[in-house]
Amino acid sequence: MSENLQHLVDLLPQLGEGILVTLQLTAGGAVLALLVAFTLGFGSRAHTKWARVPSRVVVEFFRGTSLVVQIFWLYYVLPLPPFYVELDPLACGILALGLNYGAYAAEVVRGSINSVAKGQWEAAIALDLGPVHRMRRVIMPQAWPLMIPMFTNLLIQLVKGSALAAYISLHDLNFFTNELRDRTSDTVFSYTVGLLCYFVFAYLLTLVMNAFEVRAKSRLGAGPSLREVLRLAPVQTKADVGAATPAPMVTSQLPPTPKGGGQHE
């Protein structure tokens, strides 16, 4: 075990490089996926067929094909005729991750917007807001908190999917795990280190996304603010205030009963 730890210490520079590549794949893929998600999500809701049909075709194509095949196609097929487009391995990985997970996220955007109550749409129309202002000021502020939990799940999936980039010679975290296995000849130790690294990375991203969710809900008045969540003292809600305040004693307002049986002489 001590020899394995020594090999791990010796490979720490490679670990840093692998984490950096994984971070680049995650950040680049997430930004591209977000752009693809909103483009295809709004396109899928368009009233015109020239926008709705191509959006649906692209979404179903990338959802219905394997991410591994997409990476290999972009890396090995695009340089061939008639395309003659040769991508850098990092750019290829970002493009494949962004298109694949962006197609899934497009359904999140479409479903969340459709989940906004019909009365909100009618109220925005009654206020004579145009389509852009209606979406930006009324619909999206309510749909965005619904999107964040599902975006978080897709982001974690994207982090794990970035491990496939090792197949196109990228020295990411998965590549480091294989290097550690070759150096130590200990499969259990090497892949356990890889699992823990991916878990820590994904958990940190989850905390960040949870903070975005709390902030989005707080802006709608649907929950405590981020500052209240992070404070050490518990957040006191209106229900707590009502429970802590003693109920006022009810006193009778009837006049006192006179002596002598209550009858006046």
Side-chain angles (χ1 to χ4, degrees), residues 29-64 97-159 202-203 205-231 234-245:
V31 171
L32 179 58
L34 196 63
L35 295 176
V36 171
F38 279 99
T39 301
L40 297 180
F42 284 118
S44 298
R45 299 187 68 261
H47 297 290
T48 55
K49 291 184 178 180
W50 66 266
R52 185 176 67 254
V53 173
S55 299
R56 296 304 309 166
V57 170
V58 173
V59 167
E60 297 304 329
F61 175 80
F62 282 101
R63 290 202 309 166
L97 291 170
L99 292 175
N100 185 274
Y101 289 99
Y104 286 97
E107 289 297 281
V108 173
V109 172
R110 185 181 65 86
S112 298
I113 291 176
N114 290 340
S115 297
V116 176
K118 184 180 179 181
Q120 299 296 317
W121 293 85
E122 295 173 349
I125 295 174
L127 291 173
D128 198 22
L129 296 177
V132 176
H133 284 59
R134 188 188 314 156
M135 184 63 62
R136 184 172 66 91
R137 294 179 178 275
V138 179
I139 305 304
M140 277 304 299
Q142 299 179 64
W144 177 243
L146 303 176
M147 299 178 191
I148 295 179
M150 292 175 281
F151 279 165
T152 303
N153 292 335
L154 290 176
L155 182 60
I156 301 307
Q157 293 291 333
L158 191 149
V159 172
Y203 187 70
L205 289 177
T206 302
L207 293 179
V208 173
M209 294 300 293
N210 288 345
F212 279 117
E213 182 181 359
V214 169
R215 185 174 183 274
K217 290 182 177 180
S218 175
R219 290 170 65 90
L220 288 178
S225 65
L226 183 60
R227 179 179 297 179
E228 291 173 333
V229 171
L230 295 178
R231 62 188 293 187
V235 180
Q236 192 175 28
T237 62
K238 293 181 179 180
D240 297 332
V241 174
T245 304

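Heavy-atom basis, side chains included; hydrogens, waters and symmetry copies ignored.
- Between Val208 and Phe212, some side-chain heavy-atom pair lies under the 4.5 Å cut-off.
- When the ring pair (Phe, Tyr, Trp, His ring centres under 6.0 Å) test is applied to Tyr203, the partners found at least two apart in sequence or on another chain are Phe199.
- Among residues two or more places apart in sequence or in another chain, the side-chain hydrogen bond (donor to acceptor under 3.5 Å, both in side chains) test is passed with Arg136 by none.
- Qualifying side-chain hydrogen bond (donor to acceptor under 3.5 Å, both in side chains) partners for Arg134, counting only residues two or more places apart in sequence or in other chains: none.
- Side-chain contact between Arg45 and Asn114 is present, with heavy atoms from C-beta onward closer than 4.5 Å.
- Counting only residues at least two apart or in different chains, side-chain hydrogen bond (donor to acceptor under 3.5 Å, both in side chains) contacts with residues 121-130 are absent.
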Identify every side-chain donor-acceptor pair in residues 47-60 under 3.5 Å, counting partners at least two apart or on other chains, and give the distances.
| unit_1 | atom_1 | unit_2 | atom_2 | d |
| --- | --- | --- | --- | --- |
| Thr48 | OG1 | Trp50 | NE1 | 3.1 |
| Arg52 | NH1 | Ala46 | O | 2.9 |
| Arg52 | NH1 | His47 | O | 3.2 |
| Ser55 | OG | Ala51 | O | 2.8 |
| Arg56 | NH1 | Glu107 | OE2 | 2.5 |
| Arg56 | NH2 | Glu60 | OE2 | 2.8 |
| Glu60 | OE1 | Arg63 | NH2 | 3.2 |
| Glu60 | OE2 | Arg63 | NH2 | 2.9 |

May I have the list of side-chain donor-acceptor pairs in residues 140-159 shorter than 3.5 Å, sequence neighbours left out?
| unit_1 | atom_1 | unit_2 | atom_2 | d |
| --- | --- | --- | --- | --- |
| Gln142 | NE2 | Gln120 | OE1 | 3.0 |
| Gln142 | NE2 | Val138 | O | 2.9 |
| Thr152 | OG1 | Ile148 | O | 2.8 |

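- In this structure, OG on Ser218 lies 12.0 Å from CD on Glu213, to the nearest 0.5 angstrom.
- Between Val36 and Leu99, the closest side-chain pair of non-hydrogen atoms falls below 4.5 Å.
- The minimum heavy-atom distance linking Tyr101 with Ala33 is given by the pair C-CB, 4.2 Å.
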